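All remarks here apply to the structure that follows.
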Amino acid sequence: MDDSAKRLLQRLVRRIPTQMLRDTLDKWERLTAKQREFVDFTQSKWTITQELLAVCEERELSVKHIAELEMIYVIGNPNQGMWHTFQLVDAEDDAHSLELVQFKEQFKSHLSELKRNVAVKIKKHTDEAVWIRIAWGDTFSRPNHLKATYVVHYLQTPFVFVSGLLSKHKPLLLQALTLSTRHQGIKDANLSGQKLTAIRDLLMRQYQHVFPTKYPSPLAERNRSVSSFVHLDPHIENEQAEASANRHRMAGEAFGNGMLPALQSAVYKLETKFRDLTNETMTERDKPLRCVVKFSSPNILESLRHCASTGIASTPVTPLLSSIPLKGRNYFVITDNAPSASSQMCQTQD
């Protein structure tokens, strides 16, 4: 093993929790059963690392083999790091007939033409996702496997999920993806998060998503349970129960009624006018006021739905918040050029 393979293995063993390390090595299948039994997983991480180094040295494994181990761990634990989403546009006539073998050959070929000294590993997951690991090098240096880029793409869909991508490599990756998937272009989908499964489900609508309706109907199953007001005047109880049911209905219409993807943030970049009659200096400014508003939560969609259904937030839900599940985004640019303060005059730019 060379130094780069040893450093990658050492870093990887530190990264993988001890209780998961044995299963990850079993899936790797680069070590024999006897060699895996040689490693004592009850010891410290330093001792485990030294034993694995010795075994891998005996097997004469290279950095490519260690990169496979890392890929197995990342695929099994995708909700790490920060994932960004891109959308392919203007598909060619034969884009929907693209097969995995064709995609692999064309992607590696196009990326190698754009960048020298690049190492690419492509693996298809059981859920039909194509996982790509890219180690970038420079003109006079070998690929750096310690800072790999991961790409997830579902063939015959326009969505691509990327993690660990440097800005200098972004144009190269996007061009290779565009060419190999037979599209004319690719754009930022304005969706990012630490949980790949959440942003994938939100963007690809793999959950009980919103079905807007012009003629709302009451939710009978909720109406049976919303009334928990005891020893109240019947008229007050009916009024409060009706208001509660109405809030639950509006929250369900805006965000759906099932489990929601665990999106962690929503960012609004605002460009508006400052309105305050007591502050003429700011009010009479020619340039618009620019600011950024960010909402954060372990599950922001669930939090917004809860706020609406319990009355913490007003209903009906503002389109700026309900557009998160509808548009599959968590980043919006809002421009308000109206002379009066009204949230209805804000327009979401596509």
Side-chain angles (χ1 to χ4, degrees), residues 1-84 119-137 142-152 161-166 192-201 259 261-264 296-299 302:
M1 293 178 67
D2 57 17
D3 291 339
S4 60
K6 292 179 180 179
R7 287 196 299 269
L8 181 59
L9 181 60
Q10 291 170 343
R11 179 178 175 180
L12 188 56
V13 174
R14 289 196 302 267
R15 178 182 177 184
I16 301 177
T18 304
Q19 62 271 20
M20 299 179 59
L21 188 56
R22 186 193 298 272
D23 292 337
T24 306
L25 291 173
D26 291 341
K27 295 176 183 178
W28 189 31
E29 296 181 348
R30 289 289 177 180
L31 304 179
T32 65
K34 184 177 181 180
Q35 289 173 326
R36 292 196 299 271
E37 292 174 0
F38 173 76
V39 181
D40 186 358
F41 294 97
T42 63
Q43 302 179 96
S44 65
K45 274 293 185 73
W46 185 89
T47 305
I48 295 175
T49 302
Q50 298 305 311
E51 292 179 350
L52 280 175
L53 283 172
V55 172
C56 292
E57 190 83 53
E58 179 184 346
R59 295 283 293 178
E60 299 181 350
L61 300 181
S62 66
V63 67
K64 293 182 179 180
H65 300 129
I66 308 302
E68 291 177 2
L69 178 62
E70 182 194 81
M71 199 169 187
I72 291 172
Y73 173 70
V74 174
I75 292 176
N77 301 270
N79 297 332
Q80 300 181 12
M82 180 59 68
W83 292 91
H84 301 271
V120 180
K121 174 68 176 178
I122 300 178
K123 182 180 180 64
K124 190 174 183 180
H125 192 36
T126 53
D127 65 350
E128 301 301 317
V130 178
W131 281 75
I132 308 172
R133 184 187 187 274
I134 307 172
W136 304 89
R142 294 185 299 176
N144 184 2
H145 287 272
L146 297 177
K147 296 181 179 180
T149 297
Y150 277 89
V151 181
V152 180
F161 308 92
V162 182
S163 178
L165 179 64
L166 298 179
S192 61
Q194 292 184 344
K195 295 187 176 181
L196 173 63
T197 52
I199 63 175
R200 178 204 63 195
D201 291 348
M259 293 292 294
L263 193 66
Q264 296 139 322
S296 298
S297 171
N299 190 334
E302 185 66 48

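Computed from a predicted structure; not experimentally measured.
- A side-chain N or O of Gln35 and one of Thr32 form a donor-acceptor pair less than 3.5 Å apart.
- Looking at Arg59, its side chain does come within 3.5 Å of a backbone N or O of Arg30 through a donor-acceptor pair.
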Side chain to side chain contact (heavy atoms under 4.5 Å, CB included) evaluation trace for Leu31 with Glu58: CA-CA 10 Å; Leu31 304 179; Glu58 179 184 346; over 6 Å; no
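- Side-chain contact between His125 and Val130 is absent, with no heavy atoms from C-beta onward closer than 4.5 Å.
- Side-chain N or O atoms of Lys45 include one that pairs as donor or acceptor with a backbone N or O of Val13 at under 3.5 Å.
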Thr149/Trp136 under side chain to side chain contact (heavy atoms under 4.5 Å, CB included): CA gap, chis, key distance, verdict: CA-CA 8 Å; Thr149 297; Trp136 304 89; 2.9 Å; yes
From CA spacing to verdict: side chain to side chain contact (heavy atoms under 4.5 Å, CB included), Leu25, Leu52: CA-CA 10 Å; Leu25 291 173; Leu52 280 175; 3.9 Å; yes
Salt bridge (charged side-chain N to carboxylate O under 4.0 Å, His left out) between Arg133 and Glu70, intermediate numbers included: CA-CA 10 Å; Arg133 184 187 187 274; Glu70 182 194 81; 2.7 Å; yes
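- At least one side-chain heavy atom of Trp28 sits less than 4.5 Å from a side-chain heavy atom of Ile66.
- With respect to the salt-bridge test (charged N to carboxylate O, under 4.0 angstrom), the residues Arg200 and Asp127 qualify.
- Of the N and O atoms on the side chains of Tyr150 and Gln80, not one donor lies less than 3.5 Å from an acceptor on the other residue.
- Atom CG of residue Asn79 and atom OG1 of residue Thr197 lie 3.5 Å apart, to the nearest 0.5 angstrom.
- Looking at Trp131, its side chain never comes within 3.5 Å of a backbone N or O of Ile72 through a donor-acceptor pair.
- Using a distance-only test at 3.5 Å, with no hydrogens or angles considered, no donor-acceptor pair links the side chain of Arg36 to the main chain of Asp26.
- Lys123 places a side-chain heavy atom less than 4.5 Å from the side chain of Ile75.
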Worked check of side chain to side chain contact (heavy atoms under 4.5 Å, CB included) between Ile134 and Lys121: CA-CA 7 Å; Ile134 307 172; Lys121 174 68 176 178; over 6 Å; no
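- Side-chain atoms of Glu68 and Tyr73 form no donor-acceptor pair, as typed in the model, at a separation below 3.5 Å.
- Going from atom OG of Ser62 over to atom CG of Leu8 covers 10.5 Å, rounded to the nearest 0.5 Å.
- Looking only at atom types and distance, the side chain of Thr42 has a donor-acceptor partner in the side chain of Asp40 under 3.5 Å away.
- Atoms CZ and CG, on Arg7 and Asn144 in that order, are 8.5 Å from each other to the nearest 0.5 Å.
- Contact check for Leu263 versus Asn299: no side-chain heavy atoms found under the 4.5 Å cut-off.
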Criterion side chain to side chain donor-acceptor pair (under 3.5 Å) on Asp2 and Ser4, from CA distance to verdict: CA-CA 6 Å; Asp2 57 17; Ser4 60; 3.0 Å; yes
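- Considering all non-hydrogen atoms of both residues, Gln264 and Pro298 come closest at CG-O, 3.9 Å.
- A 4.5 Å side-chain heavy-atom check between Val162 and Val152 finds every atom pair outside the cut-off.
- To the nearest 0.5 angstrom, Arg11 atom CZ is 14.0 Å from Thr49 atom OG1.
- For the atom pair CE of Met20 and CG of Asp23, the computed distance is 8.0 Å after rounding to the nearest 0.5 Å.
- In this structure, Cys56 and Leu9 approach most closely via the heavy-atom pair SG-CD2, 3.9 Å.
- In this structure, Glu60 places its CD atom where only 12 or fewer heavy-atom neighbours from other residues, nucleotides or ligands lie under 6.0 Å away.
- Heavy-atom minimum distance, Ala119 versus Pro143: N-CG, 3.9 Å.
- Here the side chains of Gln194 and Trp83 are not in contact, with every heavy-atom distance at 4.5 Å or above.
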Glu128 vs Lys124, salt bridge (charged side-chain N to carboxylate O under 4.0 Å, His left out): CA-CA, chis, key distance, verdict: CA-CA 6 Å; Glu128 301 301 317; Lys124 190 174 183 180; 2.9 Å; yes
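- Remark: Ile48 CD1 to Leu53 CG distance equals 12.0 Å, nearest 0.5 Å.
- No side-chain donor-acceptor contact under 3.5 Å links Asp201 to the backbone of Pro261.
- Between Lys6 and Glu57 there is a salt bridge, with a side-chain nitrogen of the basic residue lying less than 4.0 Å from a carboxylate oxygen of the acidic one.
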